[in-house]
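Input: a single structure, listed below in structure tokens.
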Amino acid sequence: MTRAIRVPLKRYFTRFFKKDLLAGLTVGVISLPLAMAFAIASGANPENGIYTTIIAACLVALFGGSRYQVAGPTGAFIPILLSIVLTYGFENLLIAGFLSGIILVVMGLLDMGSLIKFIPRSVTIGFTAGIAINIFAGQISNFFGLTGLERHESFLFNMQEIVTHFHTINLYSTLTAVICLVTILITPRYLPKVPGSLVGLILSTMIATLFFPNDVITIASAFGGIPSDLPHMQFPDITLEKVQLLLQPALTIAILGAIESLLSAVVADGLTGTHHNSNRELVGQGIANIVIPLFGGIPATGAIARTATNIKSGAATRYSVVISAVFVLLTMLALAPYAGLIPLASMAPVLMVVSYNMSQHQAFIGIAKVKSLSTGVLLITFFLTVFANLTVAVEIGLLLTMMLFVKRMSEIMVVTQVVPDHENHLIDIADQNALHTYDCSQISIFSIEGPLFFGAAQMFSESIMSTIHYDPKIIILRMSRVPIMDITGENHLRMIVENIQKKGITVLISGLNEQPEKKMKKTGLYDQIGQEHFFPHTNHAIAYALEHINTNHCNTCQKINGNECVLDKK
């Protein structure tokens, strides 16, 4: 047994460890400043973001469904977390994060990972762009060193605060922020492998510390510095009343976290050619978010930029992410006093650049130019995210998505009256002249195409009943192109069958698929129609019908083919 363990370890250290070490150090260097920046912007202390980065990276790497996923605090969470802190307080944010972890685990166990993928791009880009606007606007005050502002949940109120207090601008803070921003922008050009945000933070902090140390607000002066020891585990005080109060915010965190983590996993798949397990990824994210609040951390999810950096830095296994977490932990323990010197003005450009990169402005403009229903969903989701809140935006966006889906699916449903041609193929009857020329007055055939569900059931019923301009003896419903049927569709079909049968007309059904057949058998409609009236192919149904009519009494048949029925092409 010992040998079986040593061989993989030896292979790992000889083949993969060096690659994972380099990638882990690179990701760790990027993650540390972002962790502090995201936490501060979310209304928490910088150490809360660091704790989140360490715990989330380890747990998602070990339990998640993507080999290269880097989890931690992200910009997407900032507006919703800040809203929760302002409305309910930081302690309740921890409870909301804990509940969101439970929801994510349940989502993964219920195989809902695949469902998240069906959320349309217009919704995800709409709220992502709205989040980017909120993040950017939230850093304006730190960029210019404004003082005396009160933070609000409302975007408009925050903008009003900035305008009202703009006279408190701090030129030293502004200079520090500009130095950091310029450094971030030019670093990739000259040092493409070095994180621009880290260089910008170090350079601007050094300049501010050397030349005007007492003229800018720093992490230490604003938050009392960063602890250089490990956090203590403490279970949040959860009550039934708090669960009821925080369930909606927790659900929003869970949905947003699921979307972000799975999008990040898809990006990782595209860069590496691998395939992630979406349900395992949700479970891993859920486990992380259950544990994180126990140590004072904020909610976390997959970070697309850090995951891409991990891959591009040569990561070979999921242990590269664990190495990045260890690096962040050791750096916090060793350099916590120095991190307190970082000015808040230096953090602002970091988040502004993050917001710009996450905005997906090109994709936003591309969808907006189409001027379709998707454009409307995009704009509504975007404006609700900016001017209302992310919870409302996600709920309304998903509701609009469902309505658009139902509308488009209902448009797929097509009901046409058909007759066989000379090669025994069914052709549509396009107009009334063709109907009177080629149709049989005793047998009518209807071809039904598309899912028969609640969105299309009414149209299906109206199409059938409005097309029948006389009372044939037999109606054949060709249902080989109906893949699914729900209870509403079954009910409308039942009403059609009952109305037809009351007139003494026989209903035959051909080509019924497995799911609709099971549904009809469960509800009793199958027996009501009669087992002998179901046929595998339409030709069999036509043959059965011809045996039960008298073609000598058919004026249409006699006019066209003598005593030969127009439907009998054999």
Side-chain angles (χ1 to χ4, degrees), residues 42-44 52 56 60 64 71 73-120 123-124 126-128 130-131 134 153 236-265 278-279 281-294 297-302 377 380-381 384-386 388-403 405:
S42 301
T52 301
V60 173
T74 65
F77 273 153
I78 290 176
I80 183 63
L81 300 189
L82 178 59
S83 173
I84 294 173
V85 171
L86 293 176
T87 305
Y88 305 104
F90 181 75
E91 293 299 323
N92 284 329
L93 171 63
L94 299 181
I95 296 176
F98 182 85
L99 295 176
S100 72
I102 296 175
I103 294 173
L104 283 167
V105 171
V106 172
M107 290 171 65
L109 296 178
L110 294 180
D111 196 23
M112 296 182 66
S114 58
L115 296 179
I116 300 294
K117 301 176 184 178
F118 293 104
I119 296 178
V123 173
T124 57
F127 71 67
T128 301
I131 290 170
N134 279 322
E153 186 177 351
D237 182 20
I238 300 178
T239 63
L240 180 59
E241 290 76 17
K242 289 184 178 180
V243 171
Q244 294 173 341
L245 179 68
L246 299 170
L247 186 59
Q248 185 182 37
L251 184 60
T252 302
I253 294 173
I255 293 176
L256 182 59
I259 294 172
E260 287 293 313
S261 64
L262 293 182
L263 284 177
S264 180
S278 57
N279 292 312
E281 180 64 24
L282 293 183
V283 172
Q285 295 287 343
I287 292 174
N289 280 286
I290 290 173
V291 176
I292 288 169
L294 305 182
I298 60 179
T301 185
V377 173
I380 291 173
T381 306
L384 284 174
T385 302
V386 174
N389 58 64
L390 186 59
T391 302
V392 175
V394 171
E395 291 174 350
I396 299 298
L398 293 177
L399 177 62
L400 290 174
T401 298
M402 184 184 71
M403 294 174 63
F405 173 78

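This is a predicted model, so every value here is computed, not measured. Just the heavy atoms: all of them, side chains too, but no hydrogens, waters or symmetry mates, feed the values below.
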Task: side-chain contact (heavy atoms from CB on, under 4.5 Å) partner of E241, the single match among L245, V243, T239 - done: T239
TODO: State, to 0.1 Å, how close G113 and L282 come at their nearest heavy-atom pair, and which atoms those are.
DONE: CA-CD1, 3.6 Å
Open item on the list: Pair V123, V377 - check side-chain contact (heavy atoms from CB on, under 4.5 Å), show working.
Closed with: CA-CA 7 Å; V123 173; V377 173; 3.6 Å; yes
Mind listing the side-chain donor-acceptor pairs of residues 85-110 below 3.5 Å, one per line with the distance, residues two or more places apart or on another chain?
from, atom 1, to, atom 2, distance (Å)
T87, OG1, S83, O, 2.8
T87, OG1, E153, OE1, 3.2
N92, ND2, Y88, O, 2.9
S100, OG, G97, O, 2.6

Task: Distance, nearest 0.5 Å, that separates CD1 of I380 from CD1 of I396 - done: 8.5 Å
Task: Any donor-acceptor N/O pair, T52 side chain to I298 backbone, under 3.5 Å - done: yes
- [ ] Measure across A288 and A56 and return the closest heavy-atom pair with its distance rounded to 0.1 Å.
- [x] CB-CA, 4.2 Å
Open item on the list: I need the minimum non-hydrogen distance between T301 and S261, along with the two atoms involved.
Closed with: OG1-N, 3.3 Å
Open item on the list: Rounded at 0.5 Å granularity, tell me how far CD1 in I292 sits from CD in Q285.
Closed with: 8.5 Å
TODO: Indicate the atoms forming the closest heavy-atom contact of V60 with A71, along with that distance.
DONE: CG2-CB, 3.6 Å
Task: S264 side chain vs E260 backbone, donor-acceptor pair below 3.5 Å - done: no
Open item on the list: Measuring from atom OG of S42 to atom CD1 of I78, what distance do you get when rounded to the nearest 0.5 angstrom?
Closed with: 5.0 Å
TODO: Enter the distance from I255:CD1 to I80:CD1 here, rounded to the nearest 0.5 Å.
DONE: 10.5 Å
Task: N289 side-chain N/O to P299 backbone N/O, donor-acceptor pair under 3.5 Å - done: no
TODO: Would you please test N134 and T385 for side-chain contact (heavy atoms from CB on, under 4.5 Å) and show each step?
DONE: CA-CA 8 Å; N134 279 322; T385 302; 4.2 Å; yes
Open item on the list: If I take atom CZ from residue F77 and atom CG from residue L256, how far apart are they, to the nearest 0.5 angstrom?
Closed with: 5.0 Å
TODO: First locate atom CG of L81, then atom CD1 of I253, and finally report the distance between them rounded to the nearest 0.5 Å.
DONE: 5.5 Å
- [ ] Evaluate side-chain contact (heavy atoms from CB on, under 4.5 Å) for V283 paired with N279, printing each intermediate quantity in order.
- [x] CA-CA 6 Å; V283 172; N279 292 312; 5.7 Å; no
